[in-house]
Every structure is written in C-alpha cells, then in structure tokens.
Amino acid sequence: MSQDRIALVDVNNFYVSCERVFDPLLEGRPVVVLSNNDGCVVARSAEAKALGIATGTPWFQLQAQARAWGLMARSSNYELYGDMSARVMEVVGRFGTWQEVYSIDESFVGLTGTPEQLGKTGEDIRAAVDLHVGVPVCVGIAATKTLAKFANRIAKQNPGLGGVCDLGAMPAGHADAIQHRVPVSGLWGVGGRTAARLKLMGIETIAELRAADPALIRKKFSVVLQRTVMELNGTECIPHTEERADKQQIMFSRSFSAPVTTVGAMEEVMAVYAQKAAARMHDDGLRASAMTVTAGTSRFAGGEGSFPAVTVRFPVPTQDPIVLVRAAVAAMRGSTVPGAAYLRAGVMFSGLEPADGPEMLDVFGSGTGASQPGVGGVLGEVRGRFGSQAIGIGLGGLAAQPGWTMKREHSSPRYTTEWAELPIVKA
DNA sequence: TCTGGGGTCCTAGGACCC
DNA sequence: TCTGGGGTCCTAGGACCC
C-alpha cells in the first residue's frame, strides 16, 4: 500500500566531506574542520570522532598531538560549503514531491510509495548524490519530521543499514527497543535543559517521552515539546514550508586574531563589519529598521569583562551602507571600556523588510534615514567583478589587512566559485 | 598565546487600548 | 459594596538547532 512519508536527507560530516571531494589525501584519515579564526573544532571525520575528539574542542589543545595522530585540519571555507550545499539540495530535491531545506547540509523531502519503493528511493538518493556531487548522505524515512530525524540517526549509527533507515520497514519491535534505550536528549528539539527537567519527572528515554501525556507536557514545558510528543506518536505537528521564511535578522560577528584595545581599531572593526552585514542585506533585497552592535572581551579571562551592546533604531528603514557604517561607528564609540582587550565584535540588523517597499518620508529631517539610491548596488557590482576586497567605505576600505583580521591558516581554495582557484587535475 | 557563528521559535511580562 | 478583563504589540530572555 502506498504511503506518504517524510525523508530527512543529510550529508555525513558535511564540511569534512566537502574538503575530501577535492583532496583525496584526506580520505581515510582523521580530519577536523575549524571554526572561524581557527578557534575550535566544528566538524570531524569518523576517524577523528574515533580518536575521541569532541565538537568544540579548541584547536590549540589538539595541535600538539596532531602529528602523532596523523590528524589533518582545515579552516572553514564557507564559500565552498555553500556551493556544495546548493548542488546536494538540487539533486535531493529531484526525488521529493516537496522539499524543505532545513540547514546547510539537511533537507526534508516528501516521498510517496510502498515500503519497498521508499527504501529503494532512499538508496537512489544516496547513489545520485554520490555520482553528481561526491559526498555521502544518510536517509531517514518516517511519518513525521521528528521521527525522520530519529530514523536518520539510526541510519548513521548502524553502517549495516547502508545509510538508509525506513522506520516503518524495520523488524517489529526493533525501533521500539531503540527508543527504550536512547535518552531524550538524542531527539530533535530536546536539549540539555529540557532533558534535565524531564528526568526530574522520571522521563529519561524516548519511549518514556512518547508515552507521556501531551497536555501535561504542554503545561509543564511548552507547545514545542508537546509537538515532539505527538510527532513521536506519528501525528504530524510541524508544518513543512517549501519557501524559506523571510529572514528576521542579519548578523556579522567574528572574533579577532589579536585583541583590539583602542577606540580607533574598534572603529575600523565596526566600519568593516557593518559593511559586511550591509552587503548581505543588499544581496537579500532587504533594509533594516534597527541595528545592534556588540563587542566582548574574553569569556575565559578572570574578572568582570566588558560586553557592550548598543541598539540603534533608524527613523526610516535603510540599507544604505554609508548610513549604516556611520551609525555603527557612532553607536560603539563611548561604549567600550578604555584599555580593555576586546576579542570579538558583531553587527546585527533587525526589523527587516523588503527594500523595494514604500519609502517613508523622513519628516523629522534627521538625515540619517533616507537611503541614497544605489550605493549598496554599486558596491556590490564592483565587488562582484573585482573581488570582495576591491572597494569599501571609509575605514572599511582598508587596503592592507588590519592586525585583527581572522586567522585562517589551513584554508582550502574556493574550488567551485573562483576561476583562479579551480582544482587542477593531472593525468 | 590560542576557546565559533548565525540563526529560529516560544514565553512572560509590561505598556497601552477600549 | 463592587476595584475588570480581553486584546494587541513589543521586548528581553530562554532554549534549541546546525
């Protein structure tokens, strides 16, 4: 009998798998990909996991053993991963009646078929992604998103399944036995806090949560966890939306390779970060009605630390990079503590709306709102043709890399998005 | 020496309205 | 004597995700 099912398809160790496509030397070896600034581990190959390396481990703590372990590190290369992601999504989407891209390496797709056909489709998806993109994926198939996520996890942890797990096609009692073993924190949407509170109620495993009273869960927790309970019982509660919802906020935030200690250097940072965020906003065709600038000293140093956060509201929503840069610099000025060693900063835009919507009159004549038409567009065009460093405004137009620029010592080339960095194959 | 970045959704509570 | 209650909007903060 034909069934409507949801498949969750995701790439195994996505960032590592992307690096491996272009560098076969990484195959079969322990590999980690590092966060921005080469700070800590964000992705691990199976071999790295086997070494006991946890996500979030600071790279400097691993460096000493890296050689002995044969451990390879790569700086994160989001341009490459973003492009590889688009290719994977396109291939996976061919198999579904609908597709919802959930994250850079995962999408939900709608499948229809008999149990036999569903399993075959899962295998076909794996083969197609392997052929056209070259990265390994796992497929979890079930009646709800929560269960599809769970099935995907089973597929990942049991190599014998060949990367596909259709929960409904498992031998009777098998899935149930697993749910009796696995703690609730293994579920999508249940984090450490919630798991700890559930434990106080005597609920520790997925099976115990599945058997809980949804109304009681709603009362003690939230509608979110109530939905999880219902989804575990096979009732779909999390709608699928093919269209990506409009963004609510755009953020550019980075830590520095060297501390920023002067007002002048922080103004440089604000000018550069505001332009980065403004460029993203322009690409998305949006404008902002508010901006928040933040900075922070080390969370690991003793003492109080300094974590300024200033929000500015614009009288008229804007995407004008000149206005945004000026506002970011002004907002941070006076909020930092003299002499403090800042290690990170960020610029966030919120209150976003389409930039082509009706323009409000700046009746108060503040002069800070009304967009000068086209500045962002011109900047974007120049960057598109001559590279991201080709042009900038004020302190953001620095010709030389400032001392605080992000560290990326193990970066791979942008193989698929820059002509100058195409891989070269010798035969 | 060195410890990520970018998001979403929900809830509670306050301000304000009628 | 009786001292409301329903509704909306906004914001801050919590929790979670990858």
Side-chain angles (χ1 to χ4, degrees), chain A residues 8 10-16 32-44 53-64 66 73 75-78 81-82 85 100-108 145-146 149 152-153 184-198 217-228 237-239 241 244-259 273 276-277 280-281 284 289-290 292 294 296-301 305 309 311 313 341 343-352 404 406-410:
Chain A
L8 188 268
D10 78 343
V11 182
N12 306 345
N13 319 320
F14 181 53
Y15 298 169
V16 170
V32 293
V33 173
L34 305 175
S35 62
N36 278 325
N37 222 26
D38 291 346
C40 57
V41 172
V42 291
R44 311 157 291 157
I53 297 170
T55 303
T57 308
W59 172 236
F60 73 87
Q61 289 177 3
L62 295 171
Q63 247 169 330
S75 305
S76 41
N77 183 346
Y78 288 105
Y81 310 149
S85 170
E100 179 184 335
V101 175
Y102 176 68
S103 75
I104 193 164
D105 77 321
E106 296 173 63
S107 65
F108 291 102
K145 285 184 173 177
T146 302
K149 277 276 214 179
N152 181 279
R153 182 195 147 112
V184 286
S185 54
L187 277 177
W188 186 42
V190 182
R193 305 283 180 127
T194 304
R197 288 177 57 201
L198 282 168
I217 292 294
R218 161 111 203 211
K219 202 166 142 230
K220 297 230 172 194
F221 294 85
S222 68
V223 66
V224 180
L225 196 61
Q226 182 192 29
R227 281 186 201 136
T228 302
C237 309
I238 304 173
T241 44
R244 251 344 247 173
D246 290 337
K247 280 188 193 173
Q248 312 289 310
Q249 54 182 233
I250 288 173
M251 193 188 292
F252 188 89
S253 159
R254 290 281 183 281
S255 29
F256 315 129
S257 56
Y273 284 20
K276 295 275 192 193
R280 280 185 197 169
M281 189 156 65
D284 291 342
S289 56
T292 302
T294 59
T297 54
S298 174
R299 286 173 290 134
F300 299 91
T311 298
R313 250 159 273 276
L343 287 181
R344 53 180 304 107
V347 173
M348 183 178 99
F349 296 133
S350 53
L352 302 179
W404 43 265
M406 195 164 83
K407 189 163 73 178
R408 295 177 75 193
E409 289 177 352
H410 311 277

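Hydrogens, waters and symmetry mates play no part in the numbers below; they use all other heavy atoms, side chains included. Lettering follows sequence order; numbering is per chain, from 1.
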Which residues satisfy the salt bridge (Lys or Arg N to Asp or Glu O under 4.0 Å) test with A:K149, sequence neighbours excluded?
-> A:E106
NA contact type, A:S257, heavy-atom cut-off 4.0 Å: base, sugar-phosphate, or nothing?
-> nothing
Would you mind classifying the nucleic acid contact of A:N37 as base, sugar-phosphate or nothing, using non-hydrogen atoms under 4.0 angstrom?
-> nothing
Parallel, tilted or perpendicular, as decided by the 30° and 60° cut-offs, for the rings of A:H410 and A:W59 = perpendicular
Under a criterion of less than 4.0 angstrom to any heavy atom of chain A, what are the 5'-terminal and 3'-terminal contacting nucleotides of DNA chain C?
-> C:dT11 to C:dC18
Apply side-chain hydrogen bond (donor to acceptor under 3.5 Å, both in side chains) to A:T194 and list each qualifying residue two or more places apart in sequence or on a separate chain.
-> none
Please, what dot-bracket string fits DNA chain C when only Watson-Crick and G-U pairs with both distances under 3.5 Å count, crossing ones use [ ] and pairs to another strand use |?
-> ....||||||||||||||
Base, sugar-phosphate, or nothing: which does A:L187 touch, judged by heavy atoms less than 4.0 Å apart?
-> sugar-phosphate
May I ask you to say what A:G192 touches in the nucleic acid, namely base, sugar-phosphate or nothing, with a heavy-atom cut-off under 4.0 Å?
-> sugar-phosphate
Could you check whether A:V42 gets within reach of a base, just the sugar-phosphate, or nothing at all, counting any heavy atom under 4.0 Å?
-> base
Mind checking whether A:F108 and A:W188 have parallel, tilted or perpendicular rings, split at 30° and 60°?
-> tilted
Atom C1', compared across B:dG4 and C:dC17: separation rounded to whole Å = 15 Å
How would you list, by chain and number, every residue that makes a side chain to side chain contact (heavy atoms under 4.5 Å, CB included) with A:S185, sequence neighbours excluded?
-> A:P183, A:A195
Partners meeting side-chain hydrogen bond (donor to acceptor under 3.5 Å, both in side chains) with A:N37 (sequence neighbours left out) = none
